[in-house]
Amino acid sequence: MLTTFYNIGNYFLLLGKVFKKPDNFKMYWRQIVHEMVSLGLGSLGLISIISVFMGAVVTLQTVSAIDSPLIPLYTVGYATRQSFILELAPTIMCLILAGKVGSNISSEIGTMRITEQIDALEIMGVNSASYLIFPKIIASLFTIPIIVIYSMFLGIIGGYIVGAYSDMLTIEDYLYGIRWDFKTFDVIYALIKTLFFAFVITSIPSYHGYYVRGGALEIGKSSTKSVVYSSITILIVNYILTQLLLI
Amino acid sequence: MIEIKNINKSFGEKQVLHDVSITFHRRKINLIIGASGSGKSVLTKCIVGLHEVDSGNIEYDGRDFTHMNFNQRKSIRKEIGMLFQGSALFDSLSVEENVKFPLQMYTKMTEEEILDRVNFCLNRVELINVNHLYPAELSGGMQKRVGIARAMALNPKYLFCDEPNSGLDPQTGIVIDNLIREITEEYNMTTIVITHDMNSVMETGDHITFIHKGKKWWEGNRKEILKTDNQELCDFVYASRIMKKFKNL
């Protein structure tokens, strides 16, 4: 229990260091662009595949679950859209990114710690926490919402493919369903959640990487810990934000 | 000149440094020697501010480093170059970008001036046509030389080298030693080298401090070290059979 409080306190102290005024904006900007490319482009392939298949599967499952002729078939499009916008794109994709991006960040910063690269930055007078973590957080706040919107789009396309290539529902029903009772706030809600998740995905693994001690084994452990803690935090934040924004 | 006065440092209940006072002189290679776990790395990390001391003072040319805040220390840290045991090159950056890094961070030089300085530093450590290689593509000796080039990029007044010869063959080790000696004299630096390597001690030790059990046990130069009757230092210096034979000659 004490360790948990110690880690939470230390995490916020680290964030205090991260958000200090940068030494050289030009160098930070360069890092932000680099991180945007690495976080964004590096994740697009995986997110595309998962989104299309999940969209297709959600559509198939919804179609197969509708037994009653009283429920119109356009409900399938509506269910796919709502599932993707409200939960699958923001939460599940961010959980996947917590695994992919989070472990990458934790091991990258952890390796820098044990190979004394962080000490080298400190000795040069660079605020290492800020230089290494701030660009990652800013880059993720810009790129992850874009990835989530892209995932929403591809998920709905996945459902469309099922509509187009199966005889279980028609494209017209599906297209009508995805437009039916659309509320812009649902997308805003999803994007608000995503911003919080993006912060969690980068800051928690950065914390675990930054304070790693030991060698390769500890880097592996910190990487695993960072994925576990960021996933749990995403789920808790998801619940709190849903309670606050939707209820 | 760097002066450390009565430094104490503990980790939890374990006291690692006991009342250590040393003066490191300008234009000299000041060696810190000692067995593994004796506290020499902790001492160096305290001097550069990577660890906070429990008590005592560290002065860089009369400037009290111990009681400075992060921003005040920054001005002194810009005058420090450090060569790490594992070189600590940024592995996502090329050789050129590694040497450029401190220049881009702290100077207002144009891109052309920076490139000139980078090439000068790389030439000075006799590295040619490696600008676009990454650290993983270099040998250990080349990585150390890039580390030296990066350390000297900002024209530092103080150079710290943590076991510069570790992992290198004896010949390359001598090249690195000579390089450290040359740039110390050329740029009028105060150089502090932590080493285990007796070749380095005998080649470069202008001023040697032997650390044992976290205390300053002995101080002198490379001529005096051969004549010492300090038992712990003798055990350290004459640990190998060759050195024992050398002593008996």
Side-chain angles (χ1 to χ4, degrees), chain A residues 2 6 13-14 16-39 42 104-105 107-136 139 209-211 213-216 219, chain B residues 11 41 44-45 47-52 65 68-93 97-109 111 114 135-136 143 146-147 150-154 156 158-163 192:
Chain A
L2 262 179
Y6 171 82
L13 286 174
L14 178 70
K17 275 195 210 170
V18 168
F19 289 103
K20 277 195 176 152
K21 192 181 161 221
D23 292 310
N24 181 327
F25 280 101
K26 204 175 151 191
M27 293 282 280
Y28 273 61
W29 175 244
R30 201 175 296 170
Q31 278 294 100
I32 290 170
V33 172
H34 169 77
E35 296 295 348
M36 277 180 170
V37 173
S38 144
L39 288 175
N104 184 26
I105 289 175
S107 50
E108 180 193 326
I109 296 180
T111 306
M112 290 188 77
R113 167 64 73 193
I114 63 161
T115 56
E116 297 181 309
Q117 293 175 49
I118 291 181
D119 287 347
L121 284 170
E122 288 287 329
I123 282 173
M124 286 179 204
V126 177
N127 176 349
S128 61
S130 174
Y131 179 73
L132 295 175
I133 302 171
F134 181 78
K136 290 188 196 305
Y210 193 80
Y211 287 113
R213 289 280 178 276
I219 292 178
Chain B
F11 292 101
S41 289
T44 315
K45 285 186 176 178
I47 300 172
V48 295
L50 287 176
H51 290 324
E52 293 301 324
F65 187 69
M68 288 178 173
N69 62 30
F70 182 83
N71 284 328
Q72 289 167 323
R73 283 184 177 189
K74 208 188 268 181
S75 62
I76 289 187
R77 282 187 163 147
K78 286 176 199 168
E79 297 172 1
I80 295 176
M82 183 148 182
L83 173 62
F84 287 86
Q85 191 175 353
S87 301
L89 299 176
F90 305 128
D91 40 31
S92 59
L93 303 180
E97 288 164 335
N98 262 285
V99 185
K100 258 184 188 178
F101 186 88
L103 297 165
Q104 287 176 321
M105 193 58 111
Y106 291 120
T107 67
K108 290 185 175 158
M109 292 161 87
E111 197 57 31
I114 287 177
Q143 287 184 12
V146 177
R150 185 179 68 181
M152 61 186 269
L154 283 176
Y158 315 100
L159 178 66
F160 290 82
C161 304
D162 186 3
E163 302 198 20
I192 298 175

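Throughout, protein chains are lettered first and strands after them, A, B, ... in sequence-line order, and every chain is numbered starting at 1. All values derive from a computational prediction rather than experimental measurement. Hydrogens, waters and symmetry mates play no part in the numbers below; they use all other heavy atoms, side chains included.
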- line: Residues passing the side chain to side chain donor-acceptor pair (under 3.5 Å) test with A:Q31, sequence neighbours excluded, are none
- request: Quick one: do B:M105 and A:Y131 satisfy side-chain contact (heavy atoms from CB on, under 4.5 Å)? Show the steps, please.
  value: CA-CA 11 Å; B:M105 193 58 111; A:Y131 179 73; 3.8 Å; yes
field: Heavy-atom closest pair, residues A:V126 and B:F101
entry: CG2-CE2, 4.1 Å
- prompt: Can you say whether B:D91 sits under 4.5 Å from chain A via the side chain, the backbone, both, or neither, judging by heavy atoms?
  reply: both
field: Members of residues 114-125 of chain A whose heavy atoms come closer than 4.5 Å to chain B
entry: A:T115, A:E116, A:Q117, A:D119, A:A120, A:L121, A:E122, A:I123, A:M124, A:G125
message: Please determine whether the number of non-hydrogen atoms from other residues, nucleotides or ligands lying under 6.0 Å from atom CZ of B:F11 exceeds 12.
response: yes
message: Out of B:F160, B:Y106, B:F70, return the one with the most heavy atom pairs under 4.5 angstrom to chain A.
response: B:Y106
task: Can you tell which part of B:L89 gets under 4.5 Å to a heavy atom of chain A, answering side chain, backbone, both or neither?
output: backbone
